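Working notes, beginning with the structure itself.
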Amino acid sequence: MTSILIRGGRVVDPSAGLDADRDLLLKDGRVSAIDAPGKLNAAARQESAEILEAKGLIVAPGLVDIHVHLREPGQGYKETIASGTAAAAAGGFTAVCAMPNTIPVNDSPETTRWMQSPDRKAQIRVFPIAAATRGSMGEALTEYGALKAAGAVGVTDDGKPILGDSIMRQTLAAAARAGLPVIQHAEDTRMTGGCSMNAGLLAFRLGLRGMPVEAESSLVERDIRLLAELKDSRAHLHVAHLSTAKALEAVKRARRNGLHVTCEVAPHHFVLNEEAVSEYNTNAKMNPPLRAEADRKAMLEGIIEGAVDSIATDHAPHAAHEKEQEFERAPNGITGLETALGLTMAVLHGKHKLPLSRVIALLSTQPATVLNLKGRGSLAVGSFADVVLFDAKKEWAFQASASVSKSKNTPFDGWTMLGRVTATISEGRIVYQAAK
Amino acid sequence: MSKSQVKPRKISATSTPQVISRHPASLLSVNDLSLDDVGSILRTASTLESEDALKRMKHLFKRRVSLLFYESSTRTRTSFELAAKQLGADTVLVSALSSSIEKGESLKDTGITLRALGAECIILRHPASGAPYLLSQVTGLPILNAGDGMHEHPSQALLDLRTILTHLHGPKAAPVSETTLKGVTITICGDIFHSRVARSNMLLLPRLGARVLLSGPQPLLPETAASAGPGIEIERDFDKALQQSQVVMMLRIQAERLAGLNLDLDEYKLRYQANTTRMAAQAGDALVLHPGPIIRGLEITSEVADGPQSAIAEQVRNGVAIRMALLVRALTSKSSSNAASKGKRK
């Protein structure tokens, strides 16, 4: 296997509290050495390592997205594992966790393995998250031990909530025994039937039925109550795509009470508010919906103060014909892999002055920790050689038409991003390199 | 609408194929109209109405207008059709049952097909809120919203306005300004939540200085409705609302959109029905409007609907004049020809 020397860059590795000029030697798919500038030149020559010049660039652990929809098996017209991971690589990601709402639903070790097969031609590492219940029907548990052995890193019925108290209790207990987190799409669907946006004045004006914030927060509160009743310290609840101040408060409270509860927020929920759906823009339709300005601000503050564990995209590709429909008929979701870093940098780092190390922690180190992805989100010697190089000062315009994803359903077409990925390395292989 | 969200600087939309700019003579929401536009539409309506029938035929002679109706309609469809025909235009009616829409053809493809067949303007009635925005975007044609879901019914609000003005100020169309309806209180009563007529009226009338009172029970009238715009208040006591009103607009209970709401109809009639006893006691001089269809004996009794206070038939007549004005605006405004060709290029 080839070696790569990344030299002259500024290494930001939150897992080691490192932010300094360092050279990095990658060998056999792992980080082999990290040292002061110039110190690795001899070793690199010995290995006849390929040289990547990183002068003026940030060198960071590859980004980790713990919430993506790669649409395979079953919906290759929206995205394939190959195209979705290519988009991920272009966005600086080296690991993605794929949700099970495929066709068929990934509720078996066979599908879990199929998704990880080299035949899928993934550009970067794919970690499947398996269905928590058979067919995600919310009735009978899947086999968590076998799913974990096949490579699943968590269980969820994402797209749908696990609604019944009893089945959720069983899910939390069984997942705790298997050592897997339970990822909940928190939406009490009894309050959201026929709804297509956030509840409130704008929904009234647009004549659309709205999802109240309580549909999210009440289910998060219910899950936390079940977790507390379980009294199993291994039980881990992860709240997917959190979008409301009320639910975030519940998560913070649970953590103060010593429960293992984590959460993620999607870039669109701290960048946009519900105004983006004015004029019925289906590329601003997702679930949970864009919320009121106060909730958007709460997401931003939650991230800044450290209450949010991870930024995750909820990358949800849909074909053009599916989004070019009446608002209420169009499917939920937007793409996100190629805009996550640029938006996070622009808003959190550029506007709100969050240090780079925090940005990297939110997009790499912490999500890897949330789903216990060993050797990811870190540049410590021995870690996987998953690295992203980016120019933190570069502003650029995102063009949906130039997206690598099969689908272009994004509300961020034409937006100015901050931080341009120049190269992505997955387990020692250069999987993306920007045109010079 | 406030633009308070954080927005990284947006680069001018140079290469965004999905955004065709909306045709300026479209009417999707009453908010598309300035007060000057409203005044000009009212004036045009009066002029056209009093014109010689043969001369009127020349305005849109052989121009092609499509009526695309995904929902049933009597008044709106007929009056748009009559309006177009009186102006000399050729009309084609496409309704959901009896077209390829039944076979699953999308709104986009239906719109593109109509445009390819020569439609220069599409009048759309659709059960989904916002559907005219999509049709406008994919065709680039002037679109007249003839009612979309629970969103808006702008031509209805304009004909209601014409009816109100005629009664308050006489048949001569007065100029429209921010004070035209100063001191006038208009109650809209009934199923506000599901009503596109209510939304268009509550957004339009206060801009002319009117005070709009909304009246109805909680599930049909959420608190948030009062914040939809300036000049809107909620008065759940219908009698109190009537006492303050010069105009009262009754709305139908939309059984087809109720979706599981439990509504005690006897209780509803007791509190909100417009009947002779109530009208005589609370608002003996008020003008009574109803956009139709009327469910006699529910929100309004026959005696009131057919009584001296009622201007319901007049509303329907005004519909033709207003819709003639909207069609002329859509098909002859300066910008219409070049924007239409822009749409065609796509």
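This structure is a prediction, so every number in the text was calculated from the model and none was measured.
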**Report entry** Side chain / backbone / both / neither for A/Glu328 at chain B, heavy atoms under 4.5 Å
**Finding:** side chain
Query raised in the report: Who pairs with A/Asn281 by side chain to side chain donor-acceptor pair (under 3.5 Å), at least two apart in sequence or on another chain?
Result: none
Requested in this report: Select, from B/Leu107, B/Asp148, B/Leu28, the one with the greatest count of heavy-atom pairs under 4.5 Å involving chain A.
Outcome: B/Leu107
Requested in this report: Heavy-atom distances under 4.5 Å only: say whether B/Leu135 touches chain A with side chain, backbone, both or neither.
Outcome: neither
Query raised in the report: side-chain contact (heavy atoms from CB on, under 4.5 Å) with B/Ser72: which residues, sequence neighbours excluded?
Result: none
Query raised in the report: What part of B/Ser227 gets closer than 4.5 Å to chain A, counting heavy atoms only: side chain, backbone, both or neither?
Result: both
Query raised in the report: Would you say A/His318 and A/Ile334 make side-chain contact, with heavy atoms under 4.5 Å?
Result: no
Report task. Please determine if B/Lys108 and A/Glu326 form a salt bridge, counting it only when a charged side-chain N lies under 4.0 Å from a carboxylate O. Result -> no
